[in-house]
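Step one of this worksheet: look at the structure below.
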Amino acid sequence: MDPSLDTWDFSSPLISLWINRFYIYLGFAFGISLWICFQIVIRKQLFIFKGKNSKDKSVPKATRDLMTNGYISLQKKDILVSGVKIFYGSQTGTAKGFAASLAEAVTSLGLPVAVINLQEYDPDDHLVEEVTSKNVCAFVVATYTDGRPTESAEWFCKWLEEASSDFRFGKTYLKGMRYAVFGLGNSAYANHFNKVGKNVDKWLWMLGAHRVVARGEGDCDVVKSKHGSIEADFRVWKTKFISRLQALRKGERKPCGGNCKKGQCESSAEEEPFESTSEEESGTEDHQNLNSVVDVEDLGKIMNCVKKEKREKEHQEEKSTLVRNAVKGEASERRAMITPALREALTKQGYQLIGSHSGVKLCRWTKSMLRGRGGCYKHTFYGIESHRCMETTPSLACANKCVFCWRHHTNPVGTEWRWKMDQPEMILKEAIENHQSMIKQFKGVPGVREDRFEEGMMVKHCALSLVGEPIMYPEINRFLKLLHECKISSFLVTNAQFPVEIRNLKPVTQLYVSVDASTKDSLKKIDRPLFKDFWQRFLNSLKALAAKGVTYCGESSASSLTMANVPWHEEVVHFVRELVALIPNYEIACEHEHSNCLLIAHTRFKIDGEWWTWIDYNRFQELVQEYEDSGGLTNFSAKDYVAKTPLWALFGASERGFDPKDTRYQRKNKSKDISGC
């Protein structure tokens with residue numbers, strides 16, 4: 001027996017631990033492994049939770065409900081589709097019947113539905129509400145004679161068309177609105193087939209609305225109808241619409257079209273252009289980029305497109321050659337300012353063109369005041385009645401190419417008059433006739449007040465600020481004289497590049513000079529004037545303006561083509577306050593919040609503590625007549641025909657420049673929100 005063993009005591013705990021150390025190590029290793037696995041599972045669950053949180057804001061709320069209550073409350077779940085609004089424009093009743101049929105199908109889904117006659121709908125007030133309403137809007141519209149909308153949809157289509165091309169609305173005005181369009185037409189009239197449906201689809205898309213299903217086109221011609229009848233065409237589209245509606249309610253994305261790489265399909269991809277139809281959506285694009293990879297079977301389509309484009313190009317070149325030859329043949333004569341291309345472009349923008357260089361257009365504020373709404377800033381500042389104001393120009397040409405021009409530089413430019421010239425008598429006569437013709441179109445439009453409609457037919461004011469540089473017209477003084485003889489006030493706007501013409505102007509009710517920049521370099525960058533001595537001309541124009549003794553109101557215009565850089569009204573007020581502090585004897589008199597502008601007036605128009613910035617137009621006409629009778633020997637100033645400014649138009653008034661008698665102000669004021677008037 002080994003005597004050393006006598007020294008060991010096997011009953012000692014330390015000895016036991018040492019002998020069983022393997023099992024202890026194994027236990028520690030197992031415990032650490034369990035802890036690591038537990039941490040991995042927890043972190044994975046947290047990652048999934050965060051991922052869902054970034055994609056769907058409703059998940060964290062539902063998860064909290066599940067953790068605290070043991071169930072997810074369906075009442076707290078986000079509503080993806082709150083209802084459906086079905087708008088129809090019908091002449092014979094077919095579109096109205098389709099709208100009722102669609103309403104029955106939507107009701108079967110348990111969704112609230114409203115069927116609305118477009119004749120009774122005011123888009124100016126309510127269409128923008130659909131941006132946040134979570135409704136889906138369906139438009140069932142028929143095409144009537146010569147591709148025009150039905151009588152019930154005429155005002156809606158006119159409003160939508162003008163809004164889509166109006167820079168003040170912009171491409172995001174209806175962003176968030178969801179819509180679908182079904183058009184009714186007859187392919188026997190090929191040039192106008194479903195024109196209204198196509199246009200409504202296009203205009204909504206241009207304003208930023210999102211199409212949820214491709215446009216449907218019903219055809220009354222049973223021979224050419226894709227499904228045998230217009231009723232069958234509608235049933236096919238209705239099925240697609242209801243299916244898409246169900247998907248939207250579930251929050252499903254649009255199914256993959258099979259044109260993307262596996263696993264990389266993005267539902268947020270930009271939607272297809274407005275021209276697509278139900279049939280086009282499922283098919284391959286007819287015209288692909290020639291630089292892309294093309295399937296051999298598609299080469300026939302591609303070559304047909306190329307040949308078509310080549311034929312069109314040759315046709316255009318042939319027309320251009322004829323035009324050039326015609327111009328050469330008339331080299332001895334001055335050419336017309338309005339070319340065929342310019343005429344087409346301006347007509348699409350809503351201009352009524354007069355002769356060879358003039359135009360007239362209905363202002364949005366004219367339409368607004370016809371319907372009992374507020375007027376423009378000229379009404380607030382000077383008392384001009386917008387519904388009796390004609391916006392025109394005797395010259396579509398301009399001497400600047402301003403970067404902020406909302407006319408996209410479609411008008412001609414030049415530093416002197418080099419075109420054929422029409423007589424001012426003809427221009428004024430046709431301007432009034434065209435203006436009255438456009439006013440007549442508002443007879444019977446929802447909201448138009450009869451008294452203002454009658455007043456609107458009698459032009460009382462003329463704003464020479466439509467487009468171009470009216471002071472370039474060689475007979476501008478004769479034109480102004482004719483206006484005053486007709487008891488029409490004159491509101492002339494110039495870009496400060498014609499100081500001699502400003503100096504030679506005969507009496508004008510109001511003369512405006514646009515001040516778009518404060519330094520030579522900034523003026524060159526913003527206005528891009530054609531004159532080399534543009535800065536001296538600018539300074540001389542301001543001096544000539546001062547000698548005319550009229551009220552001056554400066555403004556600062558943004559040089560960006562988007563509305564993102566346009567200052568808020570509060571910022572404008574802050575800027576003007578600082579500006580006034582630097583100008584002796586000038587104060588802020590009026591404001592028009594909607595137009596984002598204020599009127600700075602000389603204190604000589606503040607009589608006994610009250611502002612007199614409005615104009616007594618009858619008194620002005622009397623003074624002009626005295627001037628003409630004296631052969632220009634009698635002079636008068638702006639102060640000789642002023643009128644007291646109403647309290648609601650003053651700077652700081654609670655109305656913020658909106659006439660409290662106007663219906664829109666009254667409606668907004670009830671909700672304590674007049675900023676959006």
Side-chain angles (χ1 to χ4, degrees), residues 358 378-379 381-385 388-395 417 421-429 431-432 435 458-466 469-496 498-514 540-553 599 601-607 611-645:
S358 308
K378 292 191 280 291
H379 174 60
F381 293 175
Y382 316 115
I384 290 177
E385 299 169 289
R388 303 187 67 182
C389 182
M390 175 178 69
E391 191 172 24
T392 186
T393 181
S395 171
W417 192 269
M421 189 184 72
D422 300 324
Q423 294 303 307
E425 291 82 2
M426 182 273 287
I427 296 174
L428 180 58
K429 179 178 179 291
I432 294 176
H435 177 81
M458 298 179 288
V459 178
K460 188 177 180 181
H461 313 282
C462 179
L464 295 165
S465 58
L466 179 59
E469 179 62 85
I471 207 169
M472 283 182 70
Y473 177 49
E475 295 291 345
I476 186 63
N477 277 322
R478 277 181 60 198
F479 187 80
L480 292 172
K481 183 180 178 181
L482 289 170
L483 284 173
H484 299 154
E485 287 177 356
C486 295
K487 306 303 179 186
I488 299 174
S489 71
S490 51
F491 186 98
L492 178 62
V493 179
T494 176
N495 286 319
F498 295 91
V500 175
E501 286 75 5
I502 293 176
R503 201 173 295 116
N504 294 334
L505 269 180
K506 294 290 180 67
V508 55
T509 315
Q510 290 165 278
L511 178 60
Y512 255 52
V513 170
S514 298
N540 291 342
S541 294
L542 296 182
K543 293 177 182 178
L545 178 69
K548 288 292 175 182
V550 298
T551 305
Y552 170 70
C553 175
L599 174 67
H602 196 282
T603 52
R604 70 174 178 271
F605 294 99
K606 197 173 188 180
I607 304 171
W611 284 110
W612 290 64
T613 65
W614 275 38
I615 295 173
D616 184 340
Y617 292 99
N618 292 331
R619 178 56 182 158
F620 171 79
Q621 299 296 352
E622 293 173 358
L623 292 169
V624 169
Q625 189 60 52
E626 292 176 9
Y627 173 86
E628 295 294 340
D629 292 342
S630 68
L633 297 178
T634 59
N635 293 317
F636 59 94
S637 68
K639 196 174 179 180
D640 295 326
Y641 54 93
V642 294
K644 187 178 178 180
T645 309

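Between Thr494 and Leu511, the shortest heavy-atom distance links the atoms CG2-CD1, 4.4 Å. Shown here for Ser465 and Glu391, the closest heavy-atom pair between the two residues is OG-OE2, 3.7 Å. Heavy-atom minimum distance, Ile607 versus Lys639: CD1-CE, 4.3 Å. Of all heavy-atom pairs spanning Asn495 and Glu469, the tightest one is N-OE1, 3.0 Å. Looking at every heavy atom in both residues, Pro470 comes nearest to Pro394 through CB-CD, 3.6 Å. Between Phe491 and Gln510 the shortest heavy-atom distance is CD1-OE1, 3.4 Å.
Classification of the Tyr512-Tyr382 ring pair by plane angle, with boundaries at 30° and 60°, yields perpendicular. Taking the six-membered ring for Trp and thresholds of 30 and 60 degrees, Phe636 and Tyr641 have ring planes more than 60 degrees apart, a perpendicular arrangement.
Atoms CE and OG1, on Met472 and Thr393 in that order, are 10.0 Å from each other to the nearest 0.5 Å. In this structure, the separation between OH on Tyr617 and CD1 on Ile384 is 3.5 Å, given to the nearest 0.5 Å. Remark: Lys487 NZ to Met458 CE distance equals 15.5 Å, nearest 0.5 Å. Rounding to the nearest 0.5 angstrom, the gap separating the OG1 atom in Thr645 from the CZ atom in Phe381 is 10.5 Å. The line from CD of Glu501 to CG of Leu492 is 11.5 Å long, rounded to the nearest 0.5 Å. To the nearest 0.5 Å, atom NZ of residue Lys460 and atom CD of residue Glu385 are 4.5 Å apart.
Residues Met390 and Leu428 are in side-chain contact: their nearest non-hydrogen atoms beyond the backbone lie under 4.5 Å apart. Asp616 places none of its side-chain heavy atoms less than 4.5 Å from the side chain of Val642.
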Donor-acceptor contacts, no H, no angles, side chain residues 476-484, under 3.5 Å, sequence neighbours left out:
residue : atom : partner : partner atom : Å
Asn477  : OD1  : Lys506  : N            : 2.7
Asn477  : ND2  : Asn504  : O            : 3.1
Arg478  : NH1  : Gln423  : OE1          : 3.3
Arg478  : NH2  : Glu425  : OE1          : 3.0
Arg478  : NH2  : Glu425  : OE2          : 2.7
His484  : ND1  : Leu480  : O            : 3.3
His484  : NE2  : Ser490  : OG           : 2.8

Could you go step by step and tell me if Thr392 and Ser358 meet the side chain to side chain contact (heavy atoms under 4.5 Å, CB included) rule?
CA-CA 8 Å; Thr392 186; Ser358 308; 5.6 Å; no

Would you please test His435 and Val459 for side chain to side chain contact (heavy atoms under 4.5 Å, CB included) and show each step?
CA-CA 9 Å; His435 177 81; Val459 178; 3.5 Å; yes

Apply the test side chain to side chain contact (heavy atoms under 4.5 Å, CB included) to residues Ile471 and Leu505: give CA-CA distance (whole Å), side-chain angles for both, the deciding distance (0.1 Å), then the verdict.
CA-CA 9 Å; Ile471 207 169; Leu505 269 180; 4.0 Å; yes

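Taking Lys606 as the reference, Glu587 meet the salt bridge (Lys or Arg N to Asp or Glu O under 4.0 Å) condition, with sequence neighbours excluded.
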